[in-house]
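Note on naming: letters A, B, ... go to the chains in the order of the sequence lines (proteins, then strands), and numbering restarts at 1 for each one.
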Amino acid sequence: MLGFLIRRLASSIALLLVTALLTFVLLSIPNQDVGRQLLGMQATQQAIDAKNAELGLDRPILVQFFDWLTHALQGDFGRSWFSSENVATAIGNRLPVTLSLMIGVTLVTAVFGYLLGVWAGTRRGRVDTFVQVFSVAGYALPGFLVTIVIVIVFAVKLGWFPAIGYTPITTSFTGWLSTITLPVISLSLAAVAGVAQQVRSSVIEVSRSDYIRTLTTRGLPRRRILFRHVLRNASAPALTVLGLQFVGLLGGAVIVEQIFGLPGIGSMTIKYTSQGDIPIIMGLVMLTAIGVVIINLLVDLAIGALLPKARVS
Amino acid sequence: MTQDAAIQTSGLAPAEASRPVSVWRALLSRPLAFVSAAVLLIVVLVAILAPWIAPFGANQADLIHAFEGPQAGHPLGFDSAGRDVLSRLIYGAQNTIGGAGIALLVALVIGVPTGLVAGYYGRWFDSVSNWMTNLVMSLPAMIILLASRAVLGPTVWVLMVVLGFLVSPSFFRLVRGAVAGVRGELYVDAARVSGLSDARIIARHVLTVVRAPVIIQVALVGGIAIGLQAGLEFIGIGSGNIPTWGAMLNEAFTNFYRAPLLLLWPGLALGLTSAALVLLAAGIRDALDDRGREPRAPGRARRRAMAAQRAAERAELPVEGRGGLLSIRGLRVAYRQGEGDDVEVVHGVDLDVERGQIVGLVGESGSGKSQTAFSALGIIPTDGYVRSGSILVTDREVVDAASDDARRARRALGYVPQEPMSNLDPSFTIGSQLTEPLRVGGGMSRAAARRTVLDLLRAVEIADPERVYRSYPHEISGGMAQRVLIAGALSTDPSLIIADEPTTALDVTVQAEVLGILRRLRDERGVGVLIVTHNLGVIADLCDRVCVMSDGRIVETGETTQVLTAPRHPYTQRLVASVPDETVTRAPWRDPLLIEEAS
């Protein structure tokens with residue numbers, strides 16, 4: 001288990017480094033004239049050169065990268081070129097919003113995706129048909145289209161929830177809940193569909209497996225076999241899908257945050273990428289990449305805990 | 001519609017020339033797939049013909065008409081800038097389909113050739129491309145898209161190229177997997193031996209294999225690309241003036257209170273196109289898998305009527321001669337089909353096993369011998385059912401019994417399956433899965449169950465029971481696993497062990513040991529054994545009586561020596577004749593341990 005963990009960590013770090021390098025270089029290539037963008041058309045060439053030197057942009061790109069990397073490793077992600085905000089602080093201020101979304105969606109997805117999948121996989125018949133249709137619909141319709149419909153029905157027509165805005169949980173719990181509910185539902189639908197579909201098919205597959213058949217011949221109650229043996233073995237693929245959904249959610253969050261006017265990482269990404277603010281973009285890319293790495297690691301660990309066989313390879 | 005042609009010619013294996021046509025037909029016979037294909041055809045046609053069929057220019061604005069409803073010449077009315085909604089919708093199709101097309105093209109150009117090479121040649125290229133694939137797949141696509149927009153400028157087309165790059169790993173993986181799977185196939189080897197160049201082999205044999213899955217993936221990725229592109233346009237990231245469905249949705253959403261209907265048309269167009277792609281992909285997959293309708297179990301009333309009829313038939317059965325450990329009369333087993341009548345696989349089998357007796361049930365695969373054993377054990381696969389007959393387990397009827405009663409009666413049965421490894425739950429230690437029935441069903445304490453199981457493991461001649469007890473299934477050998485399964489069968493203290501081909505998956509030496517264990521259990525514990533096998537050698541070694549099964553019927557039954565030396569039924573005669581002499585006629589195998597004990 002320990003060896004497995006070390007190998008995973010090493011490959012994750014390599015992955016993060018390559019991601020950082022690639023992003024940095026690709027972002028830097030066309031960004032040779034930041035000084036002019038910042039100071040405007042009227043600025044003298046002298047002032048622009050001075051500005052570029054101040055930002056360290058007069059050095060070779062690789063030197064700039066190693067400079068960024070050594071600072072980043074110490075937790076210093078620099079300052080925004082355009083607003084001179086501290087990158088870490090700016091991201092930290094917006095992180096709770098996106099984290100609220102992510103955690104909410106993951107919980108909803110895990111609970112409902114699992115329940116629906118187990119229900120469909122064990123009951124079959126009409127329940128199964130319903131879950132199947134729901135899954136295809138969840139996959140077939142673009143997420144933002146579904147979000148639009150949800151906003152129109154629940155916020156505009158029924159007025160049950162605010163259509164826009166965010167209340168921090170520290171200000172008011174109920175306020176937070178009412179601003180987060182519709183975004184979470186919007187993001188959850190497709191994820192629930194995906195997880196339910198996966199849980200359903202692995203429940204069916206495991207139920208038909210030889211070892212479950214053999215266990216039933218030893219006089220164990222069906223319910224016990226389902227909860228102890230079928231669900232445990234069916235959980236690993238479901239966890240993998242849940243992990244993939246989470247990575248996909250980062251993308252979905254960008255659009256949903258924009259629609260609901262939530263001041264999170266997603267809307268921040270839209271704002272700063274259009275300016276080409278490299279320190280901020282690098283911070284965002286690294287944050288999401290680290291998030292993805294952590295999620296994948298957690299999924300692997302959970303699968304290893306559930307399935308002893310997975311620890312070997 | 002290029003997909004049609006591609007599906008028509010895409011066979012799964014070169015040998016099945018007739019398959020493609022039937023796949024295409026199967027696809028068209030699915031209403032959902034047919035409608036999806038039709039919708040896509042219309043959208044693509046509209047996109048291509050946009051300049052000719054659009055009544056007005058996409059950006060031809062007339063502010064006087066802003067927000068006006070449908071009227072002559074403008075069937076869908078005007079948008080906020082007084083532009084004709086229908087025309088914008090038509091041009092939107094062009095840009096939406098075009099954008100998705102670019103993404104797909106890039107993904108295919110990158111993913112398919114690299115997948116072919118990596119799958120066909122393997123080696124360093126495979127490792128490198130795999131690593132890169134993992135890298136790309138772990139990137140958050142949306143963030144990369146937005147970041148690349150900062151670098152490359154805000155044109156949708158460029159973003160679609162980046163998207164194509166980001167989704168290319170899905171094609172790479174698909175093609176690589178399919179090719180690696182086919183590379184070892186005999187017909188590819190044959191082609192290589194006969195001197196075909198690699199390029200010809202790839203073109204003729206390998207491409208045909210990957211075509212179908214790639215088409216499915218194209219539809220799915222197309223749907224994702226359209227959704228993502230429209231999503232970006234919708235939140236205002238796109239190229240301003242170009243009419244797209246996403247941009248139309250954006251504009252309609254901002255003006256929702258004034259003209260709610262404006263949202264409907266682009267939403268409908270987008271939803272239908274995206275859904276059609278996904279449904280078509282699902283349809284092609286189902287058609288290729290030849291997935292017919294799933295068999296449906298009859299309703300409750302019908303089931304009750306059938307059970308009542310079975311009960312009436314059982315009441316007629318004579319009672320004499322029944323008893324013993326297992327007594328089967330007139331057993332018929334059938335399987336439900338997706339379409340048409342149920343197929344009967346066992347046509348009225350009678351079978352008895354007495355206390356302390358070893359009975360062999362022999363026959364070819366497909367003769368119904370396993371189905372008979374499964375019926376007794378209550379483990380017929382989902383779509384199968386006992387059509388009629390009676391099964392007494394230690395004098396208790398289990399056919400149509402309440403599930404708890406049947407389960408209690410069947411505690412007298414122990415099941416030893418065929419494949420040792422696949423019959424142990426990989427997630428639990430041997431000890432945990434063997435003690436569970438003792439603790440749950442038998443009400444033993446943890447410590448007592450542990451002692452019992454360790455004794456059982458010793459009884460099946462496992463040298464180091466403590467270690468095996470702690471092990472997970474993947475940590476023990478196949479022969480060891482089969483002993484564990486025999487111990488598992490014994491854990492409920494059964495009076496009859498039903499063993500389904502218990503030695504087929506084992507080495508010859510281990511086979512002899514396993515048979516020896518079964519014989520000793522009979523000798524020492526007085527259990528009965530019903531052994532299902534196709535191996536006459538096993539029968540000769542072990543069995544007191546033998547039942548020969550063919551085509552769902554028992555054709556001959558009697559003392560083992562009598563049946564093997566003087567078979568009466570033609571089928572048995574053929575069976576015996578087909579076995580090399582020494583196997584049947586050699587002296588019965590003796591357990592060395594027993595000989596030792598006896599002397």
Interface moiety of [X] toward chain B, non-hydrogen atoms closer than 4.5 Å:
X        : value
A:Leu22  : side chain
A:Phe144 : side chain
A:Leu145 : side chain
A:Thr214 : both
A:Ile152 : side chain
A:Val151 : side chain
A:Ile281 : side chain

Region of [X] in contact with chain A, defined by heavy-atom distances below 4.5 Å:
X        : result
B:Ala489 : backbone
B:Leu485 : both
B:Leu413 : backbone
B:Pro426 : both
B:Ser422 : both
B:Ile498 : neither
B:Leu279 : side chain

Rounded to the nearest 0.5 Å, how far does [atom2] of [Y] lie from [atom1] of [X]?
X        : Y        : atom1 : atom2 : value
B:Ile224 : B:Leu166 : CD1   : CG    : 12.0 Å
A:Met282 : A:Met286 : CE    : CE    : 6.0 Å
B:Thr96  : B:Gln229 : OG1   : CD    : 5.5 Å
A:Ser12  : A:Leu297 : OG    : CG    : 5.5 Å
A:Leu287 : A:Leu95  : CG    : CG    : 6.0 Å

Looking at chain B, which one of [options] has the largest number of heavy-atom pairs inside 4.5 Å, strictly under?
options                                : result
A:Thr216, A:Val254, A:Asn233, A:Val293 : A:Asn233
A:Val149, A:Ile265, A:Ile259, A:Leu284 : A:Ile259
A:Leu141, A:Ile148, A:Leu215           : A:Ile148

Item to complete: Using a strict 4.0 Å threshold on nitrogen-to-oxygen distance, state whether A:Arg123 and A:Asp128 make a salt bridge.
Response: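 So A:Arg123 does not pair with A:Asp128 through a salt bridge.
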Item to complete: Inspect the surroundings of CZ in B:Phe165 and state if more than 12 heavy atoms from other residues, nucleotides or ligands are less than 6.0 Å away.
Response: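 Atom CZ in B:Phe165 is not packed in, count stays at 12 or less.
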If you count heavy-atom pairs under 4.5 Å between each of [options] and chain A, which one has the most?
options                                : answer
B:Pro381, B:Ser491, B:Gly488           : B:Gly488
B:Gly246, B:Gly227, B:Ser427, B:Ala275 : B:Ser427
B:Leu438, B:Leu270, B:Thr429           : B:Leu270
B:Asp425, B:Val278, B:Thr492           : B:Asp425

Worksheet entry | Stepwise side-chain contact (heavy atoms from CB on, under 4.5 Å) check, B:Arg470 with B:Ser432 | CA-CA 8 Å; B:Arg470 284 191 312 267; B:Ser432 158; over 6 Å; no
Worksheet entry | Ring-ring centroid check B:Phe428 A:His229, cutoff 6.0 Å |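 Yes - the distance between ring centres of B:Phe428 and A:His229 falls below the 6.0 Å cut-off.
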Discussion item. Pair B:Leu220, B:Leu277 - check side-chain contact (heavy atoms from CB on, under 4.5 Å), show working.
Written reply: CA-CA 6 Å; B:Leu220 291 177; B:Leu277 280 165; over 6 Å; no
Worksheet item: Any idea which heavy atoms bring A:Gly252 and A:Leu187 closest together, and the distance?
Response: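 Shortest heavy-atom separation between A:Gly252 and A:Leu187 comes out as C-CD2, 3.6 Å.
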Practice prompt. Not counting sequence neighbours, list each pair that qualifies as a salt bridge (Lys or Arg N to Asp or Glu O under 4.0 Å) and has a residue in residues 211-225 of chain A.
Written response: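 Found A:Asp210-A:Arg213, A:Arg224-B:Glu436.
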Practice prompt. Take B:Met421 and B:His474 through the test side-chain contact (heavy atoms from CB on, under 4.5 Å) and record every step on the way to the result.
Written response: CA-CA 8 Å; B:Met421 290 319 272; B:His474 67 272; 5.5 Å; no
